[in-house]
2 protein chains.
Amino acid sequence: MNAEAIKRSLESGGLRCTPQRYAVMAFLTECKRHPTAAEIFEAVNRVDPRSSRATTYNNLRDLVQAGLVREVAVEGRAARFDAKGMRHHHFICDRCGNVEDIEWYNVRRPASRSLGKRILRECELIFRGLCIKCAQRRASG
Amino acid sequence: MNAEAIKRSLESGGLRCTPQRYAVMAFLTECKRHPTAAEIFEAVNRVDPRSSRATTYNNLRDLVQAGLVREVAVEGRAARFDAKGMRHHHFICDRCGNVEDIEWYNVRRPASRSLGKRILRECELIFRGLCIKCAQRRASG
DNA sequence: GAACAGTCTGGAATATATCTAATGTGACAT
DNA sequence: ATGTCACATTAGATATATTCCAGACTGTTC
């Protein structure tokens, strides 16, 4: 996604394209992992426009509310974020806690009986086990 | 689950049955929600055996390691816990953040191509949308 | 160019989790 | 019954993650 596209997507979410907000969105868009707020803060400050911690958190909140960014459900201490590009599921390593993407596929909805009057928006899968590195380490260790 | 059963399950996990540990396990077993560590701490101290915060955290860690308790993957600040009784999926409300159980059903595994050399232990579904209360509030509001 | 809404900032405050060092407890060999 | 060992617990200090706050800045509109 190029600069113009990021700018447009921010505006489509009703958000001004400020340098700090742009930097957060640009980093999330190009980042393959699922960075924590602290990592995003550090990354956008490695290059130019300085951004305070509070601003980084504010912008992440705004981006999530605007639906441009997803907060990933993991059980670690720090929240992790993810630009809403291609849909994917998540694999969480039991050993090292890393979160990796798994190719998207559709999932069977629950029976409407167990869903009741809830309004369902999306289903996401969380896989658990050992990531490739940890699986190898266990096998050879 | 009665007292004896809890005691046995602790010992089967290689854990001594101390009053504090028992209290945590007993509360999680009877609790229908998915309490945070702070809620568990408060609950086990409402009745008798006082337990310190550190002990509550230690015991939760031990119980998770022993496989008796699950740490639920949600995106809130505080970790949430769940006695591993009946398997279930989770529904997280977009509006109020409550975590509710959805009846278990088996989920199609990902293609082995996208899984690679990872070792898969379990798959869990996370549904998002509006819980019954919030759905009604929106409809009438 | 004044007023305004939205944004940014550093630092303080809060929430959450872990560490530390001292102490307590039960099992068991002596 | 005593000493010892491993495991548990405790209060308080510390670390980490997030939010709040009050003031300053910016771009737009009248």
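Only this structure's heavy atoms are used, side chains among them; waters, hydrogens and symmetry mates stay out. Lettering of chains follows the sequences in order, A, B, ..., and the numbering in each one begins at 1.
Judged by distance alone, the side chain of B/Arg21 and the main-chain N or O of B/Arg16 form a donor-acceptor pair under 3.5 Å. Proximity of a side-chain donor or acceptor of A/His88 to a complementary backbone N or O of A/Asp101 within less than 3.5 Å is not detected.
Side-chain N/O atoms of B/Asn59 include one lying less than 4.0 angstrom from OP1 or OP2 on D/dT9. Taking only side-chain nitrogens and oxygens, B/Ser51 comes nearer than 4.0 Å to OP1 or OP2 of D/dT10. Checking the phosphate oxygens (OP1, OP2) of D/dA8, a side-chain nitrogen or oxygen of B/Arg21 falls inside 4.0 Å. Between A/Thr55 and C/dC8, a side-chain N or O to OP1/OP2 separation shorter than 4.0 Å is absent. Using a 4.0 Å cut-off, some side-chain N or O of B/Tyr57 falls inside it from OP1 or OP2 of C/dA17. For the pair A/Thr18 and C/dC8, the criterion of a side-chain N or O lying under 4.0 Å from OP1 or OP2 is met.
Looking at every heavy atom in both residues, B/Ile102 comes nearest to A/Pro110 through CG2-CB, 4.0 Å. Summarising the geometry of B/Ala5 relative to B/Asn2, their closest heavy-atom pair is N-OD1, 2.7 Å, with the distance given to 0.1 Å.
Counting any heavy atom pair closer than 4.0 Å across all strands shown, B/Ala79 reaches sugar-phosphate atoms only and no base atom.
As a whole-Å value, the separation of B/Leu60 CG from D/dT9 C1' is 15 Å. Counting to the nearest Å, the C1' atom of C/dT7 and the CG atom of A/Asp62 are 10 Å from each other. Look at CZ on B/Arg53: it is 12 Å from P on D/dA13, rounded to the nearest Å. One can place CG of B/Asn45 at 9 Å from P of D/dA11, the figure rounded to the nearest angstrom. At whole-Å resolution of the value, CD in B/Glu11 and P in C/dA27 are 10 Å apart. Per the geometry, CD belonging to A/Gln65 stands 13 Å off P belonging to C/dG6, to the nearest Å. Rounded to an integer number of Å, the gap from A/Phe41 CZ to C/dC8 C1' is 13 Å. Across the protein-nucleic acid pair, B/Asn58 atom CG and C/dT25 atom C1' stand 16 Å apart, rounded to whole Å.
Annotation: of the two residues near DNA chain C, B/Arg61 and A/Pro19, the 5′-most nearest-nucleotide partner is A/Pro19. Toward the 5′ end of DNA chain D lies the nearest nucleotide of B/Gln20, the other residue of the pair B/Arg77 and B/Gln20 mapping further downstream.
Side-chain proximity of B/Ala54 to the nucleotides C/dA17, D/dT18, D/dA11 is greatest for D/dA11. The side chain of A/Ala78 lies closest to D/dT18, out of D/dT10, C/dA17, D/dT18. The side chain of A/Arg16 approaches C/dT7 more closely than any other nucleotide in the set C/dA17, C/dT7, C/dG10.
At a threshold of 4.5 Å between non-hydrogen side-chain atoms, the residues B/Asn58 and B/Gln20 do not count as touching.
A/Trp104 and A/His89 have parallel rings, their planes meeting at less than 30° on a 0 to 90° scale where 60° marks the start of perpendicular.
Of the options B/Glu124, B/Glu122, B/Glu103, a salt bridge (charged side-chain N to carboxylate O under 4.0 Å, His left out) to B/Arg87 is made by B/Glu122 and by none of the others.
Remark: DNA chain D takes part in the stems C:1-30 with D:1-30, each of 3 or more antiparallel Watson-Crick or G-U pairs, criterion distances under 3.5 Å.
Under the rule for a side-chain contact (heavy atoms from CB on, under 4.5 Å), the partners of B/Ala78 that lie at least two apart in sequence or sit in another chain are B/Thr36.
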